[in-house]
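The shown structure was predicted, so the numbers you read here are calculated from the model rather than taken from an experiment. Each chain gets a letter, A, B and so on, in the order its sequence line appears, and its residues count up from 1.
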Amino acid sequence: MPTPKDTVQAILSGGARRIAPGSAVEVLLERPRHPEHGDYASNVALQLAKTLGRKPRDIAEDIIAATRGEIDQSGACEPLQIAGAGFINIRLKQASKTQIVRRILDAGAAFGRQAADKPQRIQVEFVSANPTGPLHVGHGRQAALGDALAALLESQGHAVTREFYYNDAGAQIQNLALSVQARTRGIKPGEPDWPEDGYAGEYIADIAKEIVDANDLDAIRRYAVTFLRKEQDADLQAFGVKFDVYFLESSLYADGKVEAAVRGLIASGKTYEKDGALWLRTTDYGDDKDRVVRKSDGGYTYFVPDVAYHVTKWQRGFAKVIDVQGTDHHSAVTRVRAGLQALGIGIPSGYPDYVLHSLVKVMRGGAEVKISKRAGAYVTVRDLIEWVGRDAVRFFLVSRKADTEFVFDVDLALAKSEENPVYYVQYAHARVCSVLAQWAGDPASLGAADLAFLKSAKELQLAQRLAEFPEMLGNAAVELAPHAVAFYLRALAGEFHSYYNAERILVEDVALRDARLALCAAVRQTLANGLALLGVSAPEKM
RNA sequence: GCGCCCGUAGCUCAGCGGAUUAGAGUAUUGGCCUCCGAAGCCAAGGGUCGUGGGUUCGAAUCCCGCCGGGCGCGCCA
């Protein structure tokens, strides 16, 4: 069933096509900044002014005349009005605005979810931390972003797989093993025998305590990796993030995928030998320099398993893949895509998609805490969760556009933990629950409330905000921008608090009371649905 | 130096498929609990949207230069 907005939009589109045959104008309804400009506005007349060579206001006049009958018949809105330079302002009828309440109560947890026009199998790869240390704040941002993104895409009708990839065989793992071994022998970071590029964190010493045979490097490696993987799993669990697939880099070698990728690249004719190494002409695909595939010592660069890994994503049937990574990996974007293109196996040129996030800067005591595994001192996801709670960390980390630098002021988060934005949204949810509890009626009965009693400006504004929820989710999914959900929830909660302070819900008049309760219940449902997407709880009491 | 990203209120950030008078939180100031939860609400002050050009009837939004910041620029991962 189309929404009132869809109805008006369709009628206006038809009108515009009749006024300007052949022109491919798309009528988009936008929310005006100022309420006096109506609930929606269209600038279609201004867009057509140039091609038609006529004044925008005259065109608007014609469009309104051409659609008057349909508009009246639809009952969706008041008669259209011209304003300003030639805008068509649209004022929805009261019933058009409030009907969303019933829709929400009917849909329940499904409100906002929609079937995709073209459902896809989508993979979101995120965190992908190597098992060389605990998860730090940057991983936390990735976990919050990636998990919310995955949930968002699921809500829009796609089949989403959450995947964690890690390097379990490279030089960093070797450094890890050597670091633990050194610790078992009582060598500390900075001392003469400490391994070059060793990991200095105290957690290395914790692992070393468990090692019985300091000479068995292989056993040390296995133990350290297992130990750290378990730690990371515990962190992720505490953060409420679950993965469907853990993909090991070593499996790419074991299954011959790396060799296959190299053969494929050579067969493509895009490689050449130089200085004893094998190079790929990635510059043919927009890279700023060609890349080495096989080093002169015979080993492969990390670029090869990277390509092989993405080939498996394609072969596993993921039409769309989103890699969530820090911006420090942005040079890999062009390179990986180039490698996939060179193989010539039908992978689209924009594959995979990337969501790159700036790294998180942690401030503590007025100074920046450097995030460095080597230095050993950094804030972990676990630290943050202990300080401000899981909900606050998740909400906070997903509340900013991915590509802006994020300053996480630990002192502020600690000192003002109760003023964290997440509580504002959760509080709105708890407030509705509290009102419903005092009313003590059957929420299912609210679907029958007469919504004609919702007339105040705040009530209609709230209803309009609720109606935006599905559209907002759709946009956020397309834009890969989960922060939009957090901003929406903040706005919805704000309007609810304002309403709650302005009007009493549990009034004597039963019909009015039920209408208001229905609106509140719809707000509660929408808040709960939005918070669920972000992995944040919606408490009934706080 | 080259490439990508960013520069909006004191601070943290939205808006950036152009459009009618620039937004929110926070901080500051002043109000609101005999009343459904004051973790709340109402109000005030605070911005030449980094800067200079360009396109346009119209630019925070699109294009170019410059300044400032981040990241990358390995036969490391």
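Side-chain nitrogen and oxygen atoms of A/S498 include at least one within less than 4.0 Å of the OP1 or OP2 phosphate oxygen of B/C42. Side-chain nitrogen and oxygen atoms of A/Y500 include at least one within less than 4.0 Å of the OP1 or OP2 phosphate oxygen of B/G37.
The separation between A/N89 atom CG and B/U21 atom P is 12 Å, rounded to whole Å. Rounded to an integer number of Å, the gap from A/Y499 OH to B/C36 C1' is 11 Å. Separating the CD atom of A/Q426 from the P atom of B/G40 is a distance of 13 Å, rounded to the nearest angstrom. Note: CD1 (A/I505) to C1' (B/C41) measures 14 Å, nearest angstrom. Atom CZ in A/F395 sits roughly 15 Å away from atom P in B/C13 (whole-Å rounding). Between A/M542 atom CE and B/A38 atom C1' the separation is 14 Å, expressed in whole Å. Between the C1' atom of B/A39 and the CG atom of A/N501 lies a distance of 13 Å, rounded to the nearest Å. The interatomic distance linking A/F406 (CZ) with B/C6 (P) rounds to 18 Å, in whole Å.
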- Does the pair A/H310 and A/Y351 meet the rule for a ring-ring contact (aromatic ring centres under 6.0 Å, His included), with working shown? CA-CA 9 Å; A/H310 283 85; A/Y351 192 93; 7.5 Å; no
- Query: Going through the distances and angles, do A/Q172 and A/N167 end up as a side-chain hydrogen bond (donor to acceptor under 3.5 Å, both in side chains)?
  - Reply: CA-CA 8 Å; A/Q172 295 193 34; A/N167 173 321; over 6 Å; no
- Query: Does the side-chain hydrogen bond (donor to acceptor under 3.5 Å, both in side chains) test come out yes or no for A/N89 and A/Q81, once each step is laid out?
  - Reply: CA-CA 5 Å; A/N89 287 348; A/Q81 292 178 332; 5.7 Å; no
- I would like to know whether A/L12 and A/L29 meet side chain to side chain contact (heavy atoms under 4.5 Å, CB included); could you show each step before the answer? CA-CA 10 Å; A/L12 272 181; A/L29 300 188; 4.0 Å; yes
- Task: Begin with the C-alpha distance, continue with both residues' side-chain angles, and end with the deciding distance and a verdict on ring-ring contact (aromatic ring centres under 6.0 Å, His included) for A/H330 and A/Y354.
- Result: CA-CA 9 Å; A/H330 75 73; A/Y354 283 86; over 10 Å; no
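For the atom pair CG of A/L145 and CZ of A/R394, the computed distance is 10.5 Å after rounding to the nearest 0.5 Å. Note that CG of A/L534 is 11.5 Å distant from CG of A/L149, once rounded to the nearest 0.5 Å.
Note on A/A49: nothing from the nucleic acid sits closer than 4.0 angstrom, heavy atoms only. In this structure, A/Q325 reaches neither bases nor backbone, as no heavy-atom distance under 4.0 Å exists between it and the strands shown. Across all strands shown, A/E540 has heavy atoms under 4.0 Å from base atoms, whether or not it also approaches the sugar-phosphate. Within 4.0 Å (heavy atoms only), A/A502 reaches no atom of the nucleic acid at all. In this structure, A/H37 reaches the bases: a heavy-atom distance under 4.0 Å links it to at least one base atom across the strands shown.
A/R513 has its side chain out of reach of A/F453: every pair of non-hydrogen atoms, C-beta onward, lies at least 4.5 Å apart. In this structure, the side chains of A/L340 and A/P352 come closer than 4.5 Å at one or more pairs of heavy atoms. Inter-residue side-chain proximity for A/L178 and A/L217 is flagged as met; some heavy-atom pair is nearer than 4.5 Å. A/K257 places none of its side-chain heavy atoms less than 4.5 Å from the side chain of A/V311. Contact of the A/R294 side chain with the A/T271 side chain is not registered, since no non-hydrogen atoms from C-beta on lie closer than 4.5 Å.
One C1' atom belongs to B/G68, the other to B/U51, and the distance between them is 10 Å to the nearest Å. B/G30 and B/G45 have their C1' atoms separated by 11 Å, with the value rounded to a whole Å. Annotation: B/A27 and B/A19 have their P atoms spaced 32 Å apart (nearest Å). Comparing the same atom, C1', in B/A60 and in B/C49 gives a spacing of 5 Å after rounding to whole Å. One C1' atom belongs to B/C63, the other to B/C16, and the distance between them is 14 Å to the nearest Å. Atom C1' of B/U61 sits at a distance of 10 Å from the matching atom of B/G17, rounded to the whole Å. Look at the P atom in both B/A59 and B/U20: the space between them is 11 Å, to the nearest Å. Comparing the P positions of B/U56 and B/C11 gives a spacing of 37 Å, expressed to the nearest Å.
Distances were taken from every side-chain heavy atom of A/Y424 (C-beta onward) to each of B/G40, B/U20, B/C36; the shortest belongs to B/G40. Listed nucleotides B/C41, B/G25, B/G37 differ in distance to A/R490; the shortest reach to its side chain belongs to B/G25.
In this structure B/C71 sits in the anti conformation; its chi angle is more than 90° from 0.
Positionally, the nearest nucleotide of RNA chain B for A/A41 lies more toward the 5' end than for the other of A/A41 and A/Q438. Mapping A/V435 and A/E405 onto RNA chain B via the closest heavy atom, the residue that lands nearer the 5' end is A/E405.
Annotation: proximity of residues 506-526 of chain A to RNA chain B (heavy atom, distance under 4.0 Å) is found for A/L506, numbered in ascending order. Taking a 4.0 Å limit (strictly below) on heavy-atom distances, residues 453-472 of chain A does not reach RNA chain B anywhere.
Ion pairing between A/D62 and A/R54 holds under the 4.0 Å rule for side-chain N and carboxylate O. A/E459 and A/R516 are joined by a salt bridge, as a carboxylate oxygen and a charged side-chain nitrogen come within less than 4.0 angstrom of each other. A salt bridge between A/K313 and A/E163 is absent, with no side-chain N of the basic residue lying under 4.0 Å from a carboxylate O of the acidic one.
Tested against A/V293, the residues A/I266, A/V262, A/T282, A/V307 include a single side-chain contact (heavy atoms from CB on, under 4.5 Å) partner, A/V262. Only one option out of A/D287, A/D290, A/D284 pairs with A/K270 in a salt bridge (charged side-chain N to carboxylate O under 4.0 Å, His left out); it is A/D284.
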- Query: Quick one: what's the B/S/- string for nucleotides 14-19 of chain B, heavy-atom cutoff under 4.0 Å, read 5' to 3'?
  - Reply: SSB--B
- List the protein contact pattern of nucleotides 71-77 of chain B with one symbol per nucleotide (5' to 3'): B for base contact, S for sugar-phosphate-only contact, - for none; contact means a heavy-atom distance under 4.0 Å. BSSSBSB
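For the residue pair A/Y285 and A/R281, the shortest heavy atom distance occurs at CD1-O, 3.9 Å. In terms of heavy atoms, A/L252 sits closest to A/P305 at CD1-O, 3.5 Å.
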- Message: Output the pairing pattern of RNA chain B as a dot-bracket string, 5' first, Watson-Crick or G-U wobble with both distances under 3.5 Å, | for cross-strand pairs, [ ] for crossing pairs.
- Response: (((((((..((((.........)))).(((((.......))))).....(((((.......))))))))))))....
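The aromatic ring centroids of A/Y424 and A/H497 lie less than 6.0 Å from each other.
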Any N/O pairs under 3.5 Å between the protein and nucleotides 8-10 of chain B? List them or say none.
none

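A/Y499 does not carry A/R431 over the face of its six-membered ring by the limits of under 6.0 Å from the centre and within 45° of the normal.
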